Student: 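Pasting a structure here, questions to come.
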Amino acid sequence: MRALDAAPTLMLRCLLAPCLLTAVMAVAHASPRATPSAPPRAPPRATPHIAATLPSAATPVRTGATTRVAPLLAPLPAPPLADVGSPRATELRWDANLRFRAAAGIHLHDLQAGQDDRIEGLFQRVRLGARFATPDLEARLQLQVSGAFGAKGPGEQPVGVGMQAGSLRWKLPAAKGLTAEIGRMTLEYGSGRHIARYDFHDEGNAYDGVRVSYRVKPYLRLDGLGVKLRRNSAQPEQERTLFGLYLVGRPFKPLTTDVYLLVLRDGSDDDRADLQTMGLRVDYRPIAAVRVEFEGAIQFGTRQPNAAQAALDHLASAVAGEVSFSGTLGVPFGLGLRGQQYSGDDGTEADTSRAWRQLYPDVVRHIGLLQLFAQTGLRQLGAWLRVGASEALHVEIDWRSNASLAGAHVPGFSRPKLGLPGGGWSPLGAELDARLIWPALPGSTVLIAAGLFAPSDELAAKLGDRLARQLIVQWTSRF
């Protein structure tokens, strides 16, 4: 128990170092300097700003007269550190997003029951949004209808999230760079490993609550938030309350650091939890062609699963890293190596929970196209390759080798146990995903994706030796 008590304090000391460095750099750059010989600079031209959310994988993003396609495999950049409420005059903008998807799966039901919405069928999602902005105020509204073809008629229940976003954000007069936002928001931090929009999902993640932000452009962004997850109408009211602090610092151009403290309160009957998650993420780009990312976090508090007689002490960990390189050899390309590990329970400790409790990640981006696993008791090693420029027609190949903590429930399927407690990691199998992404028209993208999972011998002995496959064809248009 001493190690359990000391772990948060040790982690907090480690997290404070980059935080202090970022603060010092921000103050240094923000402090006025005497430059009598330099001519006065003209004030920067104000440009319209839309709510600071990152593009999702394979989603076309319009910028002026061009269209950029965010790659599925290459991790997304850190959240922008821009200010809000920038228009000098009142403006009103409309936007629309239409997505049509056909999916077919073979033998996925044998492995993962209850995933019919992701396995096969014809699906549509329509979003219509409006943004009203003044120099000090911004209102955002986005309505959404999603579901399978022919499955729902007018007035039928349940329906998808009727309002995907509806928030009001304004500048606070207390300090420059201080803003507040209230309502339903689409949040994404870092690479979406813990808090993400999860746009690949039929509905995507939406968060109801309040967020207060302080920014020192372009060096510092500090968000304080208190939200509830809203992804579909079937979620009980008492579940999934999240609040905390998230700091994004850029002490110098090649380096971005994220430091966060997130508190999760879950009042559901399945897992009554009160957990704190502290983490550090580093994104370093020493040269334009090389990117190094590392993220580590610990999770502590109490959990009381449905089968437990009393609350258990909880201490879990998560670590992930990636190294990638991009260049041109006749055609533009990118390649990378990645690895991640989430702790689990193998039954050797009766009074302590070690299974990482996942928050709200982008499962497709960080687990795989087939979405077979959860972020708990899981180790993944893999590599990816992109051929072609990310803003043009290109192909992406993603390979992942999966392993489950021996003696623990597999984080997916029907939750069998592989191996014996204390036996290390038992192989689950490998997944190979391939995607062709084609920006067919300005603002429109065609995605053709295929996934293949080959179970390990041990897993096949329990669930059957069958290759699981899925094919997806998707059209997305933004206006």
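Sequential numbering from 1 along the given sequence is applied to the chain's residues. The structure presented is a predicted model; accordingly, all values stated were derived computationally and were not measured. Side-chain atoms are counted along with the backbone in the values below, which use heavy atoms only and exclude waters and symmetry mates.
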Student: Output all residues satisfying ring-ring contact (aromatic ring centres under 6.0 Å, His included) with F243, sequence neighbours left out; order by chain, then residue number.
Tutor: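 Partners of F243 by the ring-ring contact (aromatic ring centres under 6.0 Å, His included) criterion come out as none, since no residue qualifies.
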
Student: Does D346 have any salt bridge (Lys or Arg N to Asp or Glu O under 4.0 Å) partners at least two apart in sequence or in another chain, and if so, which?
Tutor: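 With sequence neighbours excluded, D346 shows a salt bridge (Lys or Arg N to Asp or Glu O under 4.0 Å) to no residue whatsoever.
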
Student: Using the salt bridge (Lys or Arg N to Asp or Glu O under 4.0 Å) criterion, which residues pair with R127? Sequence neighbours excluded.
Tutor: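 Checked R127 against salt bridge (Lys or Arg N to Asp or Glu O under 4.0 Å); matches are D199.
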
Student: Quick one, T186 and Q164 - any side-chain contact, counting heavy atoms below 4.5 Å?
Tutor: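 In contact.
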
Student: So, the side chain of Q358 versus the backbone of A374: is there a donor-acceptor pair under 3.5 Å, distance only?
Tutor: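 No: the side chain of Q358 does not pair with the backbone of A374.
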
Student: Between L447 and V473, is the side-chain contact (heavy atoms from CB on, under 4.5 Å) condition met? List the steps.
Tutor: CA-CA 6 Å; L447 166 68; V473 179; over 6 Å; no

Student: For a 4.5 angstrom cut-off between non-hydrogen side-chain atoms, does Y284 reach V290?
Tutor: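 Side-chain contact under 4.5 Å: no.
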
Student: Atom CG of L372 and atom CG of L369: how far apart are they, to the nearest 0.5 Å?
Tutor: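 Result: 9.5 Å between the selected atoms.
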
Student: Is there a donor-acceptor pair closer than 3.5 Å between any side-chain N or O of Q144 and the backbone N or O of E203?
Tutor: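 Yes, because the side chain of Q144 sits within donor-acceptor range (under 3.5 Å) of the backbone of E203.
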
Student: How long is the straight-line distance from CG of L178 back to CZ of R215, given to the nearest 0.5 Å?
Tutor: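 The CZ atom of R215 sits 10.5 Å away from the CG atom of L178.
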
Student: Taking the side chain from R211 and the backbone from R169, do they hold a donor-acceptor pair closer than 3.5 Å?
Tutor: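 It does not hold such a pair.
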
Student: Under the side chain to side chain donor-acceptor pair (under 3.5 Å) rule, collect the residues that match up with D274, sequence neighbours excluded.
Tutor: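 By the side chain to side chain donor-acceptor pair (under 3.5 Å) rule, D274 matches R265, Q276.
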
Student: With sequence neighbours left out, write down each residue that passes side chain to side chain contact (heavy atoms under 4.5 Å, CB included) with L245, or none if nothing qualifies.
Tutor: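 Counting only residues at least two positions away or on another chain, L245 forms no side chain to side chain contact (heavy atoms under 4.5 Å, CB included).
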
Student: Aromatic rings F333 and F325: how do their planes relate, parallel, tilted or perpendicular, breaks at 30° and 60°?
Tutor: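 Tilted, since the angle between the ring planes falls between 30° and 60°.
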
Student: Between D398 and R338, is there a side-chain N and carboxylate O pair less than 4.0 Å apart?
Tutor: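 Counted as a salt bridge, because a side-chain N and a carboxylate O are separated by less than 4.0 Å.
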
Student: Look at the rings of Y342 and W356 and say which category their plane angle falls in: under 30° parallel, 30 to 60° tilted, over 60° perpendicular.
Tutor: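 Correct class here is tilted.
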
Student: Please check if the side chain of R140 supplies one atom and the backbone of M185 the other of a donor-acceptor pair under 3.5 Å.
Tutor: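 A pair under 3.5 Å: no.
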
Student: Excluding sequence neighbours, so at least two apart, what forms side chain to side chain contact (heavy atoms under 4.5 Å, CB included) with A403?
Tutor: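 For A403 the side chain to side chain contact (heavy atoms under 4.5 Å, CB included) partners, ignoring immediate neighbours, are R379, W425.
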
Student: Without hydrogens or angle criteria, can the side chains of Y189 and D258 be said to hold a donor-acceptor pair below 3.5 Å?
Tutor: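 No, because no side-chain N or O of Y189 sits under 3.5 Å from a partner of the opposite role on D258.
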
Student: Checking R193 against Q375 for the side-chain contact (heavy atoms from CB on, under 4.5 Å) test, could you report, in this order, the C-alpha distance in whole Å, the side-chain angles of both residues, the deciding distance, and whether it holds?
Tutor: CA-CA 10 Å; R193 190 168 283 111; Q375 290 177 329; 4.0 Å; yes

Student: Are D223 and S213 close enough, and set up right, to give a side chain to side chain donor-acceptor pair (under 3.5 Å), and what steps lead you there?
Tutor: CA-CA 4 Å; D223 283 3; S213 300; 2.7 Å; yes

Student: Determine, for R285 against E293, whether the closest basic-nitrogen to carboxylate-oxygen distance falls under 4.0 angstrom.
Tutor: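 The answer is no: the pair does not qualify as a salt bridge.
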
Student: How would you list, by chain and number, every residue that makes a side chain to side chain donor-acceptor pair (under 3.5 Å) with D433, sequence neighbours excluded?
Tutor: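 Scan of D433 (side chain to side chain donor-acceptor pair (under 3.5 Å), adjacent residues dropped) gives none.
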
Student: Within the structure provided, determine whether T277 and I298 are in side-chain contact (heavy-atom separation under 4.5 Å).
Tutor: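 SC-SC contact between T277 and I298 ruled out.
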
Student: Would you find a donor on one side and an acceptor on the other, under 3.5 Å apart, between the side chain of R125 and the backbone of N97?
Tutor: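 Absent.
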
Student: Between L428 and V410, does the side-chain contact (heavy atoms from CB on, under 4.5 Å) criterion hold? Intermediate values first, please.
Tutor: CA-CA 8 Å; L428 288 172; V410 171; 3.7 Å; yes

Student: Check whether any side-chain N or O of Q299 sits under 3.5 Å from a backbone N or O of H314 as a donor-acceptor pair, and report yes or no.
Tutor: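 No; zero donor-acceptor contacts below 3.5 Å.
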
Student: Are the side chains of S167 and E181 in touch, meaning some heavy atoms are under 4.5 Å apart?
Tutor: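 Of all side-chain heavy-atom pairs linking E181 with S167, at least one is under 4.5 Å.
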
Student: Check for a donor-acceptor pair, side chain of S343 on one end and backbone N or O of S317 on the other, with a separation under 3.5 Å.
Tutor: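 Such a contact is found between S343 side chain and S317 backbone.
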
Student: Can you list the steps and then say if Q380 with Q340 is a side chain to side chain donor-acceptor pair (under 3.5 Å)?
Tutor: CA-CA 5 Å; Q380 273 193 344; Q340 60 180 344; 2.7 Å; yes

Student: Mind checking the CG-CG spacing from L242 to L225? Nearest 0.5 Å is all I need.
Tutor: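 So the CG of L242 and the CG of L225 are separated by 6.0 Å.
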
Student: Is the closest basic N to carboxylate O distance between D345 and R354 below 4.0 Å?
Tutor: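 Here D345 does not pair with R354 in a salt bridge, since their nearest N and O are not under 4.0 Å apart.
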
Student: Pair L264, R357 - check side-chain contact (heavy atoms from CB on, under 4.5 Å), show working.
Tutor: CA-CA 10 Å; L264 176 69; R357 170 66 182 271; 4.0 Å; yes

Student: List the residues meeting side chain to side chain donor-acceptor pair (under 3.5 Å) with S456, not counting sequence neighbours, and say none if there are none.
Tutor: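 Result, side chain to side chain donor-acceptor pair (under 3.5 Å) vs S456: none returned.
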
Student: Which residues pass the side chain to side chain contact (heavy atoms under 4.5 Å, CB included) test with L452, sequence neighbours left out?
Tutor: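 With sequence neighbours excluded, L452 shows a side chain to side chain contact (heavy atoms under 4.5 Å, CB included) to L467, R469, given in chain and number order.
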
Student: CG/L378 to CZ/F373 distance, rounded to the nearest 0.5 angstrom?
Tutor: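 Those atoms lie 6.5 Å apart.
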
Student: How about Y207 and Y360: are their ring centroids closer than 6.0 Å?
Tutor: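 Yes; Y360 has its ring centre under 6.0 Å from that of Y207.
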
Student: Sequence neighbours left out, what passes side chain to side chain contact (heavy atoms under 4.5 Å, CB included) with A461? Give chain and number order.
Tutor: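 If we apply the side chain to side chain contact (heavy atoms under 4.5 Å, CB included) test to A461, skipping adjacent residues, there are no hits.
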
Student: Between atom OG of S404 and atom CG of L418, what is the distance when rounded to the nearest 0.5 Å?
Tutor: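 Those atoms lie 5.5 Å apart.
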
Student: Ring of F200, cation from R101 - is the NZ or CZ under 6.0 Å from the centre and inside 45° of the axis?
Tutor: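 Output yes; distance and angle both within limits.
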
Student: Return yes if some donor-acceptor pair links the side-chain N/O of E295 with the main-chain N/O of V282 below 3.5 Å, else return no.
Tutor: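 Side chain of E295 to backbone of V282: no pair is present.
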
Student: Do R197 and N205 have side-chain heavy atoms sitting under 4.5 Å apart?
Tutor: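 SC-SC contact between R197 and N205 ruled out.
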
Student: Atom CE in M278, atom OH in Y260: separation rounded to 0.5 Å?
Tutor: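 Between M278 CE and Y260 OH, I get 10.5 Å after rounding to 0.5 Å.
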
Student: Taking the side chain as everything from C-beta on, heavy atoms only, tell me whether W384 gets closer than 4.5 Å to I397.
Tutor: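 No, too far: nothing below the 4.5 Å cut-off.
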
Student: Closer than 4.0 angstrom, basic N to acidic O: yes or no for E322 and R365?
Tutor: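 R365 and E322: not salt-bridged.
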
Student: Please check if the side chain of T302 supplies one atom and the backbone of D313 the other of a donor-acceptor pair under 3.5 Å.
Tutor: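 It does not hold such a pair.
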
Student: Between the main-chain N or O of I437 and the side-chain N or O of R435, is there a donor-acceptor pair closer than 3.5 Å?
Tutor: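 The answer is no, because no donor-acceptor pair under 3.5 Å joins these two groups.
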
Student: Taking only residues two or more places apart in sequence, or in another chain, which ones meet S326 in a side chain to side chain donor-acceptor pair (under 3.5 Å)?
Tutor: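 If we apply the side chain to side chain donor-acceptor pair (under 3.5 Å) test to S326, skipping adjacent residues, there are no hits.
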
Student: Would D208 and K228 count as a salt bridge (Lys or Arg N to Asp or Glu O under 4.0 Å) if you check the C-alpha gap in whole Å, the side-chain angles of each, and the deciding distance to 0.1 Å?
Tutor: CA-CA 5 Å; D208 292 344; K228 282 179 174 287; over 6 Å; no

Student: Could you check if a side-chain atom of H366 sits within less than 4.5 angstrom of a side-chain atom of S191, using non-hydrogen atoms only?
Tutor: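 They are in side-chain contact.
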
Student: With side chains defined as the heavy atoms from C-beta onward, is the minimum distance between T256 and V248 less than 4.5 Å?
Tutor: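 SC-SC contact between T256 and V248 confirmed.
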
Student: Applying salt bridge (Lys or Arg N to Asp or Glu O under 4.0 Å), name anything that partners E458, two or more places apart in sequence or on another chain.
Tutor: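 For E458, no residue satisfies salt bridge (Lys or Arg N to Asp or Glu O under 4.0 Å) once neighbours in sequence are set aside.
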
Student: Do NZ/NE/NH1/NH2 and the carboxylate oxygens of R291 and D283 come within less than 4.0 Å?
Tutor: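 Result for this pair is yes, salt bridge flagged.
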
